[in-house]
S.K.: 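Take this structure first; my questions come after.
Values below: all heavy atoms of this structure, side chains included; hydrogens, waters and symmetry mates excluded. To find a chain, count down the sequence lines: A is the first, B the second, and so on, and within it residues start at 1.
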Number of protein chains: 2
Amino acid sequence: MARRSGRRPGNQDTRESILEAARNTFAEKGYDQASIRAIAGDAAVDPALVHHYFGTKEKLFLAVMNAPINPAELVPQALAGPREQAGERLVRVALGVWDSPAGTAALAVFRSALSNEWTARLLRDFVVTQVLRRAVSEMTLDPAEAEMRSALVATQIAGTIMARYVLKIEPLASADIDTLAAAIGPNVQRFLTDPMPEVFKS
Amino acid sequence: MARRSGRRPGNQDTRESILEAARNTFAEKGYDQASIRAIAGDAAVDPALVHHYFGTKEKLFLAVMNAPINPAELVPQALAGPREQAGERLVRVALGVWDSPAGTAALAVFRSALSNEWTARLLRDFVVTQVLRRAVSEMTLDPAEAEMRSALVATQIAGTIMARYVLKIEPLASADIDTLAAAIGPNVQRFLTDPMPEVFKS
DNA sequence: CCTGAAATTCAACGCCTGATGAACTCAACA
DNA sequence: TGTTGAGTTCATCAGGCGTTGAATTTCAGG
């Protein structure tokens, strides 16, 4: 018999409101600038409670990042369908993620990645092992070029995210997904499937 | 008679060594994470001396950013020559800047822009008013599309910088400029001159 | 030499940070 | 009903931050 007596977990709204406040604050300010006190204040909660639930700031960050994005589900969704439209679909899926509620968490890790070394590693490893590698294997690209091709795709996607969600450069920030997909998709497509200079064969 | 007696400015090595330490530290850690104490330590100097020379951290940052990058010189350099190769030249010039010593300062502002609101505004305003607007006027693009085209170019350039210098994704980080220019240039070119969906005409 | 201004140092201020541990509340079980 | 343990609060720690102002050193002018 595990739990014999005592108050039962009961109200776990608090835990989730901390999580939500953390997600928003991390997304707004990045890892370093988001203070536990600010998060706690946002959740109308004592700062010590944050530690009670999540231990350390790092663990809280990981808890925030844990659920929302599942590449195993998104990558096939982006790659299903004719190869000639894979680029556009990829842009559409990526922007869709960032525009969704889950995108808040993604934006948090993105923002944090530029000022903090370990979050940068986090993002790089995630992108490389979870997204790019998966996409490469599903698209059956020429292995000799696959790494470079997927890295190039990453530049276009990352740049779009950066310009639209972080720097908020107009008219990009206000454009709708269809417009952007039509404009950027073909470029991604070229990175994916068009012939590349011989330099890459090495 | 302005200065009548007293020690003359003399040794300004100190000022420059602070500036250099600041440039490196800002580039490594971004604006917020780079502490005045760390910069002073890097320059083997008392923290108070930094304030003596530059007043505040913000002014020090601006002093670091002040000199090194001159769009008035770079933009024409990127745009001179046949329009059909403008994309590739643009990539080449951009990467050239970041690979140069001056690029350290540029990387600093780039890094800072994601975690700090006012450096983000700084970068956005700089990019929009100093680089994009200038490029647009020199290339005589259709005004109806110019804003969107230059913003799209910005996404590809920013993404490349991010992947290569911040996230350091391989094989991008180790590739030489020629390779990248050949791979990415055509995409930039398409953003610049290829026909765009009608949606943009608005 | 001596004066005075610049260069440099030192100690301290007030504030914020992440984190800790003890105290208190209170619902549920024995 | 009394015990238990989770939920919650509070005071506090040690440390880093940007910044300040006064003291001290250094050195070129008059």
S.K.: So is A:Lys57 actually on top of A:Tyr31's ring, under 6.0 Å and inside 45° of the axis?
M.R.: yes

S.K.: Take the protein atom NZ of B:Lys59 and the nucleotide atom C1' of D:dT19, then report the distance between them rounded to whole Å.
M.R.: 13 Å

S.K.: In whole angstroms, how far is the C1' atom of D:dT9 from the CD1 atom of A:Ile18?
M.R.: 13 Å

S.K.: Please determine if a side-chain N or O atom of A:Thr14 lies less than 4.0 Å away from the OP1 or OP2 oxygen of D:dT8.
M.R.: yes

S.K.: I want to verify a distance call: between C:dG18, C:dG21, C:dT8, whose nearest atom is closest to the A:Ala48 side chain?
M.R.: C:dG21

S.K.: Is there a donor-acceptor contact under 3.5 Å from the side chain of A:Arg149 to the main chain of A:Leu192?
M.R.: yes

S.K.: So if I apply the side chain to side chain donor-acceptor pair (under 3.5 Å) rule between A:Asn187 and each of B:Gln189, B:Arg190, B:Gln156, which one comes out positive?
M.R.: B:Arg190

S.K.: Output the rounded distance in Å from CZ (A:Phe54) to P (C:dA19).
M.R.: 13 Å

S.K.: For C:dT8, does OP1 or OP2 lie under 4.0 Å from any side-chain N or O of B:Tyr53?
M.R.: yes

S.K.: Shortest non-hydrogen contact from B:Phe26 to B:Ala34?
M.R.: CD2-CB, 3.6 Å

S.K.: Which whole-number value in Å describes the distance from B:Ile39 CD1 to D:dT19 P?
M.R.: 11 Å

S.K.: Scan residues 178-189 of chain B for pairs that pass salt bridge (Lys or Arg N to Asp or Glu O under 4.0 Å), counting only residues two or more places apart or in two chains.
M.R.: B:Arg92-B:Asp178

S.K.: Give the B/S/- string for nucleotides 12-17 of chain D, one per nucleotide from 5' to 3', where a protein heavy atom under 4.0 Å of the base yields B, of only the sugar-phosphate yields S, and otherwise -.
M.R.: B----B

S.K.: Does any pair with a residue in residues 162-175 of chain A pass salt bridge (Lys or Arg N to Asp or Glu O under 4.0 Å), and if so which ones, sequence neighbours excluded?
M.R.: A:Asp99-A:Arg164

S.K.: Starting at NE2 of A:His52 and ending at P of D:dA6, how long is that distance when rounded to a whole Å?
M.R.: 8 Å

S.K.: Can you name the closest pair of heavy atoms from B:Ala151 and A:Pro171 and give their distance?
M.R.: CB-CD, 4.1 Å

S.K.: Given atom CZ of B:Arg15 and atom P of C:dT8, what is their separation to the nearest angstrom?
M.R.: 12 Å

S.K.: Using atom CG of A:Asp46 as one end and atom P of C:dA23 as the other, report the distance to the nearest whole Å.
M.R.: 17 Å

S.K.: Just the rounded figure in Å: distance from C1' of C:dC24 to CG of A:Leu49.
M.R.: 13 Å

